[in-house]
Amino acid sequence: MTETGFRAGILLFRLFKIVSTAVARYVDGTFSNLQPSMRLSRYFLPILRETPKEAEILSHRLMLRAGMIRQEAAGIYAWLPLGFKVLQKVTEIVREEMDRAGAIELLMPTLQLADLWRETGRYDAYGPEMLRIKDRHEREMLYGPTNEDMITEIFRAYVHSYRELPKILYHIQWKFRDEQRPRFGVMRGREFLMKDAYSFDIDEEAARRSYRRMFVAYLRIFDRLGLKAIPMRAETGPIGGNLSHEFIILAETGESGVYCDADILDLPIPDELIDYDGALESIVGDWTRLYAATDDVHDLARFERETPPERRVRKRGIEVGQVFYFGDKYSKPMRALVAGPDGVERPVIGGSYGVGVSRLVGALIEANHDEAGIIWPDSVAPFAVGIANLKVGDAASDAASLKLYGALKKAGIDVLYDDLDERPGAKFARLDLIGLPYQVIVGPKGLAEGKVEIKTRRTGAREMMSIGEAVARFTG
RNA sequence: CGGAGUGUGGCGCAGCCCGGUUAGCGCACUAGUCUGGGGGACUAGGGGUCGCGGGUUCGAAUCCCGCCACUCCGACCA
C-alpha cells in the first residue's frame, strides 16, 4: 500500500468512527445540547431554603435559591446544571432565529490583541471597562467586550467584492465588561453571554435591509421566549453610528422607565414563514411608527401629542437587545474595502446586533414568577414536566411514578422525577420554586382511585386523571 | 467613580461597644425511630485558621494599623 493510500485508509476509518459515534449518541438521545431526563436523586440541584442576603433583585434571588447559578466573583457566575439548561435553551432559540434570518454562525475568541483595537482607536477610547491582560511575552491583550474590530479584520482578509455581499456573521460568545458596579445577578454581570451579529453591505440602502432583517429576527426571538419586547429608538453609545434601536421587555422590576403607545403591544409577530429576502419595510415601519421611549430619551410633549390618553402606557422595562447601523465607522479606519460593480473600492457598510443571552435568563424570571418561585415559559423550561412521588418507598407510588417517568422519557419529553424520600410539602415547594410548567403529583390518595394529579404551574389548575391520560396529555 | 456598609461551619445570623473557660443559635448535613397531600417530630452526632497580614496585651472574633474581598445607594452599560 502506498503511503497516500494508507493515510486515506486512516482518514476513512476516522470518518467512520465519527459518524458511528454520532449515530449512537443520537439513538440514545444524548445528541445535541439537550440533556436527558433526570431522577432528582442523581441530579445536582442545590436548592437554598433561605435567600442569600446579597441578592436584592427578584430574579437574582430566585436563581440562587433554585440552584441555577453560583457567584464566583463580583459579576461573575458559574452556571449550575439547571441554570445552564435554561441558558442553552435560550441560546438555541436565538441561534435558530438568526439562522432563519440568513445570518451565519462562527466563533471568535474571547481574547483579542490590543493592536487590533488600536487600528480603530478604540483601545484608548474604551476606558477602564475593558479588561486588559498581558501574556508571557508582555504582549498586550484584552478580553473582548464586543467584536466589531475582530470581525472586520476577518472580513477584510477574505472579502473584496460586492458580489459576495450581503453577509451577516454572528457568534454566541462570552464577553467581559469591567462594570463599575455589577449587580442584579446575571442581569448585569461583568462576564456575560452575548449573541453578536455583524452585517456587511455594499451601500447604505443594502445595509438598511440587513438592519431590518435583524430587527425582524429580534421580534421573533423575544416572542418565542414568551416575552413582549418593544423596539425603541436609542442612543448609539461607544459602538457608534446614527441608527439604533433597543429592544426592551416589560417587567415590573425593570431598570428603566418605559413610555409607549398601547397599540404596540398588540402588533402581530411575523411567523416562521417570513420571507427575509422580501420587503420588511412595512413590518419595521409598523413597529417604529408609534411612540416608544425609555425615560432617558423620553419626550413628554411628543408622547402626549402622538398618543391618545387611553393608549399611554407607562411601565418598567429591561433592555435585552440592541441593533446598530454604523456605516463605515470600522471599515474605513481598518481598510475593509470591497469593489463595487464599477470596480471602485469602498469601505464596506456595517451594522451590529446584540442580544444579551445570559441577561435574558434573568429577564425571563423577572417577567415570569410569583410568590412561590419561577414560572418558566414552555420554550425555555429546563424540564417540561416534574414528577413528584409523594411517598417514596410505597410500592404503588413508586411503580406509578416509574411508569410515568419511563413513558414520558421514551416519548422524548424532558422530565425531572423527584424520587427523594422527603415529605410532600418539601417537594411541592421545590417544584414550585424551580418553575417547571407542569407537575405530575403521584401519591397514595390519588392512586387509591387509580389517578394522578397534573398541576399547571402558571395557573395553579389541578386535574386528576389516569396514568395513561397523563402520558397522553404530554405526548399527544 | 462618589457615598454607606459587611466579612464568624454550606446558608441566615448572635457574640465585638465593655478583651478572659471547650465561639453560640436556626436551617442544612450524618445515623436512627416515628411520620407522610404544602418546607414534620424526637434522639444522638459531625463540621469553624472568626477575610488576610501586622501590632497592643499575661490573654484578641472582640482594641489599633494596613490590605483584600463582597454588598447596598447614586452617576454609566448586552
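All values below come from the heavy atoms of this structure, side chains included, with hydrogens, waters and symmetry mates left out. Residue numbers begin at 1 in each chain, while the letters A, B, ... track the order of the sequences. Since this is a predicted model, take the numbers as computed values, not measurements.
With centres under 5.5 Å and a plane angle under 30°, the ring of A:Phe192 is stacked against the base of B:A78.
Straight-line distance from the CD atom of A:Glu453 to the C1' atom of B:G38: 12 Å, rounded to whole Å. Between A:Gln71 atom CD and B:A69 atom C1' the separation is 11 Å, expressed in whole Å. A straight line from CZ of A:Phe44 to C1' of B:G10 spans 11 Å, rounded to a whole angstrom. If you measure from atom OH of A:Tyr77 to atom P of B:C70, you get 11 Å, rounded to the nearest angstrom. Between the C1' atom of B:C27 and the NZ atom of A:Lys53 lies a distance of 16 Å, rounded to the nearest Å. Computed from coordinates, the A:Leu420 CG to B:A28 C1' distance equals 14 Å when rounded to whole Å. As a whole-Å value, the separation of A:Ile76 CD1 from B:U71 C1' is 16 Å.
Taking the P atom of each, B:G7 and B:C16 are spaced 13 Å apart, rounded to whole Å. Nucleotides B:C52 and B:C42 have their P atoms positioned 36 Å apart, rounded to a whole Å. Comparing B:G53 with B:A69, their C1' atoms sit 14 Å apart, to the nearest whole Å.
As judged by a 4.0 angstrom heavy-atom cut-off over every strand, A:Asp178 is placed among residues making no nucleic acid contact. If you check every strand for non-hydrogen atoms under 4.0 Å, A:Glu255 touches a base. Looking at heavy-atom distances under 4.0 Å, A:Leu48 makes no contact with the nucleic acid at all. Heavy atoms of A:Gly443 sit under 4.0 angstrom from at least one base atom. Nucleic acid contact class of A:Gly356 (heavy atoms, under 4.0 Å, all strands): base. At a threshold of 4.0 angstrom between heavy atoms, the contacts of A:Gly127 with the nucleic acid are absent. When heavy atoms are screened at a 4.0 angstrom cut-off, A:Leu360 is found touching no nucleic acid atom at all. Within 4.0 Å of A:Glu319, counting heavy atoms only, lie sugar-phosphate atoms of the nucleic acid but no base atom. Within the 4.0 angstrom heavy-atom criterion, no nucleotide atom of any strand lies near A:Ala55. At a threshold of 4.0 angstrom between heavy atoms, the contacts of A:Val320 are confined to the sugar-phosphate backbone, with no base atom among them.
Across the interface with RNA chain B, nearest-nucleotide mapping of A:Pro444 and A:Pro182 shows A:Pro444 to be the residue nearer the 5′ end. Nearer to the 5' terminus of RNA chain B, by closest-nucleotide assignment, is the contact made by A:Met464 (compared with the other of A:Met464 and A:Glu129).
You'll find the side chain of A:Ile104 stays beyond 4.5 Å of the side chain of A:Ile168, heavy atoms only. Side-chain contact between A:Leu80 and A:Pro46 is present, with heavy atoms from C-beta onward closer than 4.5 Å.
With B:C70, B:G26, B:G38 as the candidates, the nucleotide lying closest to the side chain of A:Glu50 is B:G26. Comparing atom distances between the A:Arg190 side chain and each of B:C70, B:C11, B:G74 picks out B:C70 as nearest. Distances were taken from every side-chain heavy atom of A:Arg188 (C-beta onward) to each of B:C77, B:C70, B:G36; the shortest belongs to B:C77. When each of B:C70, B:C77, B:G36 is scored by its nearest atom to the side-chain atoms of A:Arg177, the top-ranked nucleotide is B:C77. Across B:G37, B:G12, B:G36, the shortest atom-to-atom separation from the side chain of A:Phe428 is found for B:G37. Nearest nucleotide to the A:Arg183 side chain, out of B:U71, B:G37, B:G74: B:G74. Comparing B:C1, B:G12, B:G36 by their nearest atom to the side chain of A:Gln180 picks out B:C1.
Pair check for B:A61 finds none; no Watson-Crick or G-U wobble contact set falls under 3.5 Å. Searching all strands for a Watson-Crick or G-U wobble partner of B:A28 with both distances below 3.5 Å returns nothing. Pairing for B:U56 is absent, judged as Watson-Crick or G-U wobble with the two contacts each under 3.5 Å. Nucleotide B:A69 forms a pair with B:U6, judged by Watson-Crick or G-U wobble geometry with both contacts under 3.5 Å.
A donor and an acceptor atom, one from each side chain of A:Tyr218 and A:His245, are nowhere located under 3.5 Å apart. Checking A:Arg122 against A:Tyr330 by side-chain atom types alone, a donor-acceptor pair falls below 3.5 Å.
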For this session: Would you please test A:Asp115 and A:Arg118 for salt bridge (Lys or Arg N to Asp or Glu O under 4.0 Å) and show each step?
Result: CA-CA 5 Å; A:Asp115 286 347; A:Arg118 290 203 169 94; 3.0 Å; yes
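Interface remark: the A:Arg181 side chain does not form any donor-acceptor pair with the B:C77 base, using a distance-only criterion of under 3.5 Å. No hydrogens or angles were tested; on distance alone, a donor-acceptor pair under 3.5 Å links the side chain of A:Asp421 to the base of B:G36. No N or O donor and acceptor, one from the side chain of A:Glu422 and one from the base of B:G36, sit under 3.5 Å apart. In the interface, the side chain of A:Asp432 is paired with the base of B:G38 through a donor and an acceptor atom under 3.5 Å apart. No donor-acceptor contact under 3.5 Å links the side chain of A:Lys445 to the base of B:G36. Between the side chain of A:Arg462 and the base of B:G38, at least one donor-acceptor pair of N or O atoms lies under 3.5 Å.
Taking each heavy atom of A:Arg39 and A:Tyr405 in turn, the nearest pair found is N-OH, 3.6 Å.
Ring planes of A:Tyr291 and A:His298: perpendicular class, angle over 60° (limits at 30 and 60°). Aromatic ring pairs are classed by plane angle as parallel below 30°, tilted from 30° to 60° and perpendicular above 60°; the pair A:Tyr126 and A:Trp117 is perpendicular.
At the phosphate of B:C77, neither OP1 nor OP2 sits under 4.0 Å from any side-chain N or O atom of A:Gln322.
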